[in-house]
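See below for the structure under consideration.
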Amino acid sequence: MKSGRGAENAFCHFHLGFRGLRVDAKYKPAEIEPKWQKFWEEHRTFEVEVDPKQEKFYLLEMFPYPSGRLHMGHVRNYSIGDVMSRYLVMRGKNVLHPMGWDAFGLPAENAAIENRVPPAKWTSSNIDYMRDQLKRMGYSYDWRREFATCDPDYYRWEQLIFVKMFAKGLAYKAKSFVNWCDRCNTVLANEQVEQGYCWRHSDTLVRQKDLEQWFFKITDYAEELLEWTEKLPGWPEKVLLMQRNWIGKSRGAYIHFPLERAVTDPETRQALDRIIVYTTRQDTVYGATFMSLAAEHPLAEVLSKGTSQEPAVRKFCDRVRREDKIKRSAEDYQKEGVFTGAYCRNTMTGARLPVYVANFVLMDYGTGAVMAVPAHDQRDFDFAKVYDLPIIPVVQPAERPELRAGEMTEAYEDEGLMINSGEYNGLLSEAFRRKITERLLQEGRGGPAVNYRMRDWLISRQRYWGAPIPIIYCEKCGTVAVPEKDLPVVLPQDVEINFSAGSPLKQVESWVKTRCPRCGGEARRETDTMDTFVESSWYFERFCSPRCDTGPFAPEEVGYWMPVDQYIGGVEHAVLHLLYARFWTKVLRDLGYVKFDEPFTRLLTQGMVIKESFACPGHGELKPAEIAADNTCAQCGAPVAERIEEGKPLVKVCKGHGYFFPEEVKAGKCRKCGLPLQTGRKEKMSKSKKNVVDPADLVDRLGADTVRLFLLFAAPPDKEIDWNDEGVQGAFRFLNRIWTLASQNLGKVKDIPAGTLVKHDFLAGAPDEVALFRQIHQAIAEVTQRLDRFLFNTAIAALMELYNALSGFDPDRGEDRPRRRALFRLGLETLVTLINPFTPHLAEEIWRELGHRESTFRLAWPTPDPKALLREEFELVLQVNGKVRGKAQVPVDAPEDELRRIALTHERVRAYTEGKAVKKVIVVPRKLVNVVV
RNA sequence: GCGAGGGUGGUGGAAUGGCAGACACGCCGGAUUUAGGAUCCGGUGCUUCGGCGUGGGGGUUCAACUCCCCCCCCUCGCACCA
């Protein structure tokens with residue numbers, strides 16, 4: 001066949017050495033993909049600049065931590081982003097699509113300890129490797145904008161903003177109980193503690209430590225962060241809800257309870273004559289019968305001073321404070337307390353209330369003091385039962401027998417009518433709540449209050465590999481910010497990573513020792529570094545002008561590109577990164593750097609990639625006799641773990657032999673102990689679960705286009721992908737089929753001049769031509785609609801349908817061969833154009849072979865021809881009693897009467913209506929007729 | 001416990017209240033090939049061939065995967081928040 005050589009001739013002059021498709025040529029992604037990647041790089045195809053004449057679109061995927069190699073989750077995230085980016089470019093948008101590195105973090109230090117490689121070196125070699133991997137995927141990033149957050153050119157601006165925040169009181173140092181992870185050797189923010197465990201080490205309990213630490217005053221922005229969750233329609237409701245819950249706003253009141261005897265605060269030397277509580281049920285104040293303080297409450301020990309309770313209170317407070325979070329939040333955590341020896345007065349009734357310290361009261365929330373109303377709060381009820389304290393019901397449920405203290409078996413926590421509440425008896429609790437709040441305010445005994453669950457953001461980390469906090473401590477001048485001209489405070493190199501004496505930076509004397517910028521005297525640097533979530537709170541702004549050296553970014557560029565129009569990333573950042581970034585944006589706004597309120601207009605959270613795993617389940621709960629001396633299972637020698645479950649005492653369980661690779665599994669039994677393995681459990685891919693599939697292997701074997709296509713086809717983007725190797729093969733075969741179809745027909749359509757495609761009246765052709773023409777335009781319409789809604793999987797299904805139509809069409813069979821060939825070419829070109837965002841290498845290659853000179857990257861996205869979408873006939877569905885009994889081809893403009901007549905006279909319909917009275921006929925224009933008998 | 005999101009063939013998944021199962025994987029049969037993780041053609045929800053089928057039960061409707069009520073199960077988030 002001559003098509004092969006013809007194609008070769010057409011492109012022999014092309015400088016990259018395109019050889020052309022041949023009939024017998026196989027689809028070889030390993031050859032064409034690197035070729036086009038080189039082409040894009042040489043032609044600087046993906047570089048973008050500010051262009052006020054063009055509509056901008058900022059498309060961003062969450063940048064990766066350079067852990068070493070790309071995993072499937074990255075590839076999914078970035079494939080989604082790349083399809084959208086390429087699609088939007090084709091739609092004529094000026095698309096900013098950058099990539100960089102979230103380069104500070106613990107793994108670099110851990111690697112340094114294990115392999116004696118400096119973190120900087122480890123990180124940069126990882127970046128080099130992963131950058132190559134990203135390029136090998138064909139992603140359309142403007143690589144000129146790349147940076148790593150560990151570059152001093154980046155974090156110097158972060159330090160500058162820190163200094164400005166410090167000046168405004170938005171960054172401050174305070175002593176407090178903080179979360180400490182022994183594995184990380186550092187403190188954690190509240191957001192980084194999951195059910196009492198470290199977010200990075202799900203088996204490491206977080207301990208409480210009393211330390212002086214740096215915080216960002218995110219609570220100043222709590223209300224605004226909350227309000228804006230109502231004004232982000234482009235975000236998934238789920239994420240907004242998680243943020244709202246995290247912020248945790250509640251409305252209530254402060255109430256002052258006078259102490260029977262005033263005490264003196266040992267620190268401030270001030271007289272303290274009252275306990276202030278926060279409550280959302282101020283309507284139950286008449287029912288308060290005792291007072292509960294947190295163990296950390298400053299009054300707890302002061303009140304017991306000099307009483308016989310003093311030693312007991314001290315002992316209790318010490319113990320509770322040392323207990324870890326998981327223990328304190330377990331369901332079966334015994335409600336315990338100790339009497340302080342002091343009393344206060346119920347501010348409304350004057351009753352004498354004993355003051356307790358209770359282990360369930362949190363210093364973190366409200367004022368750390370709670371008025372205890374056992375009749376209407378279950379915790380107080382339980383506590384009162386244990387310590388035999390009085391119960392006074394004050395809210396009477398409607399339509400229920402009267403509450404009697406002695407008969408209550410649980411607290412009544414709902415609304416009702418006030419009783420035992422002086423002149424307020426008979427009021428609705430809800431109305432009384434407003435009334436009493438007003439009165440408390442007028443009488444100076446409290447007043448309305450709003451409380452948030454969210455705490456300030458703890459940003460100190462006692463680690464080396466992070467951005468240094470730009471603070472100097474001077475004996476004379478105190479805590480001094482590093483002046484702007486001295487920034488950046490550069491992280492010293494060649495540091496031995498060693499945590500035996502706290503942060504490694506502490507041990508770098510030459511770096512720590514410095515001069516006070518104010519008085520010039522001897523001073524020492526802060527050795528804490530910033531939480532790495534600080535870097536990821538503003539990197540998207542830096543991408544707008546990554547080399548700016550006069551400020552964190554150039555205002556014109558940020559003004560043009562920001563906010564990010566579409567952000568894409570994992571849902572695991574719903575409250576961490578996404579909340580911090582929103583906060584930081586508002587800070588930048590208030591510092592005058594930016595003019596917008598929110599960084600991300602639309603958010604897409606993509607699902608995980610999961611795969612079946614094989615785990616040895618272990619031997620379950622063990623009795624003491626079944627545990628060997630070295631704390632292993634006596635049956636099989638596997639490690640033993642402690643299990644804490646709601647409402648149950650602590651149990652010891654055999655952990656089993658962990659996970660196995662599929663190829664290690666024989667007959668579904670554990671190789672070590674013979675237990676049947678837990679199979680069929682689909683879990684997030686991870687090394688430890690031995691269920692990872694390395695995208696690099698797949699790219700080597702099947703090509704980047706196949707991997708991209710499969711990840712987008714396997715499921716809608718927000719759902720999990722259940723990995724299966726056959727599915728990837730299917731994607732590969734589909735691309736092979738397109739390739740073969742193109743190469744086999746190239747000779748027939750190659751020489752058709754481009755302009756002639758639109759000149760034919762394909763709708764006047766043979767029926768199969770009309771059908772194909774319609775299919776082409778239907779595909780355009782469907783793929784467009786679906787891409788606009790991120791429904792990549794069904795968009796690809798529409799492309800497959802187009803392919804199926806095209807492959808069933810013979811361009812040489814009918815009479816008007818030039819027209820049929822032109823139509824075929826139109827179909828092929830449309831397919832290539834529409835698939836370009838998904839599989840750009842394949843698209844470029846075929847497009848070039850079809851004789852085009854330009855890259856597909858800026859190809860105009862096609863619009864469907866309305867004439868092609870119009871139909872003359874449609875298939876009328878004929879139902880009897882709602883069941884389909886027949887179909888008929890009917891002109892689209894047939895009147896209702898005609899549709900009715902067709903239905904009633906239809907043979908199949910009559911078979912079901914024969915001898916029965918037709919009760920009703922429903923006619924749905926252009927759809928169906930339902931005959932009811 | 002509270003909140004959110006889900007339950008559709010052997011599998012992943014499609015369906016503005018209007019033909020359930022698009023598209024693909026897998027499987028079955030056939031063709032072709034020296035071979036193939038290749039290609040092509042046909043079939044594929046179940047069925048006693050009447051029908052029955054979208055977790056179960058009820059309801060609204062001419063018509064329900066879709067709307068309403070009750071229940072079950074799964075996933076995720078939060079969880080002593082006063």
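The shown structure was predicted, so the numbers you read here are calculated from the model rather than taken from an experiment. Computation of the quantities below employed the complete heavy-atom set of this structure, encompassing side-chain atoms and omitting hydrogens, waters and symmetry-equivalent molecules. Letters go in sequence order (proteins before strands), and every chain restarts at 1.
- Residue-to-nucleotide contacts include a donor-acceptor pair under 3.5 Å from the side chain of A:R379 to the base of B:A82.
- A straight line from CD of A:E782 to P of B:A22 spans 14 Å, rounded to a whole angstrom.
- Rounded to an integer number of Å, the gap from A:E720 CD to B:G77 P is 11 Å.
- Separating the CG atom of A:L241 from the P atom of B:A79 is a distance of 13 Å, rounded to the nearest angstrom.
- Judged by distance alone with a 3.5 Å cut-off, a donor-acceptor contact links the side chain of A:K927 to the base of B:U16.
- The side chain of A:V361 has B:A82 as its nearest neighbour among B:C62, B:G51, B:A82.
- Both tests do not hold together for A:R379 against A:F360: distance to the six-membered ring centre under 6.0 Å, angle to the ring axis within 45°.
- Comparing B:U8 with B:U66, their C1' atoms are spaced 12 Å from each other, to the whole Å.
- In this entry the distance linking CG of A:D722 with C1' of B:A24 reads 14 Å, nearest Å.
- The aromatic rings of A:Y286 and A:F432 lie tilted to each other, with the angle between the two planes from 30° to 60°.
- The glycosidic torsion of B:G43 lies more than 90° away from 0, which places this base in the anti conformation.
- Taking atom NZ on A:K883 and atom C1' on B:A63, their separation rounds to 11 Å, with Å as the unit.
- Straight-line distance between the P atoms of B:G9 and B:G53: roughly 14 Å, to the nearest whole Å.
- For A:K238, no side-chain nitrogen or oxygen approaches OP1 or OP2 of B:G5 to under 4.0 Å.
- An OP1 or OP2 oxygen of B:A82 is reached within less than 4.0 angstrom by no side-chain nitrogen or oxygen of A:Y278.
- Comment: A:E336 engages A:R319 in a salt bridge, judged by a side-chain N to carboxylate O separation of less than 4.0 angstrom.
- Annotation for A:V395 and A:R281: closest pair CG2-NH2, 4.1 Å, computed over non-hydrogen atoms.
- Of the side-chain N and O atoms in A:R453, one or more sit less than 4.0 angstrom from OP1 or OP2 of B:A79.
- The interatomic distance linking A:F713 (CZ) with B:A14 (P) rounds to 10 Å, in whole Å.
- Pair check for B:A4 finds B:U75; Watson-Crick or G-U wobble, both atom distances under 3.5 Å.
- Atom-to-atom, NZ of A:K916 to P of B:C62 comes out at 19 Å; the value is rounded to the nearest Å.
- Within the 4.0 angstrom heavy-atom criterion, no nucleotide atom of any strand lies near A:G366.
- Of the C1' atoms belonging to B:G56 and B:C76, the separation is 24 Å, rounded to the nearest Å.
- Taking the ring centroids of A:F290 and A:F383, they lie under the 6.0 Å cut-off.
- In this structure, the CZ atom of A:R281 is 11 Å from the P atom of B:A82, given to the nearest Å.
- Scanning both residues, A:R251 and A:T280, for their nearest heavy atoms gives O-CG2, 3.5 Å.
- Note on A:N793: a side-chain N or O is less than 4.0 Å away from OP1 or OP2 of B:A14.
- Contact annotation: side chain of A:K919 to base of B:C62, donor-acceptor pair absent below 3.5 Å.
- In this model, the phosphate group of B:A24 is not approached by any side-chain N or O of A:Y803 to a distance below 4.0 Å at OP1 or OP2.
- Checking the phosphate oxygens (OP1, OP2) of B:A24, a side-chain nitrogen or oxygen of A:N804 falls inside 4.0 Å.
- A close approach under 4.0 Å does occur between a side-chain nitrogen or oxygen of A:R733 and OP1 or OP2 of B:A38.
- A:E875 contributes a side-chain N or O that forms a donor-acceptor pair with the base of B:C19 under 3.5 Å.
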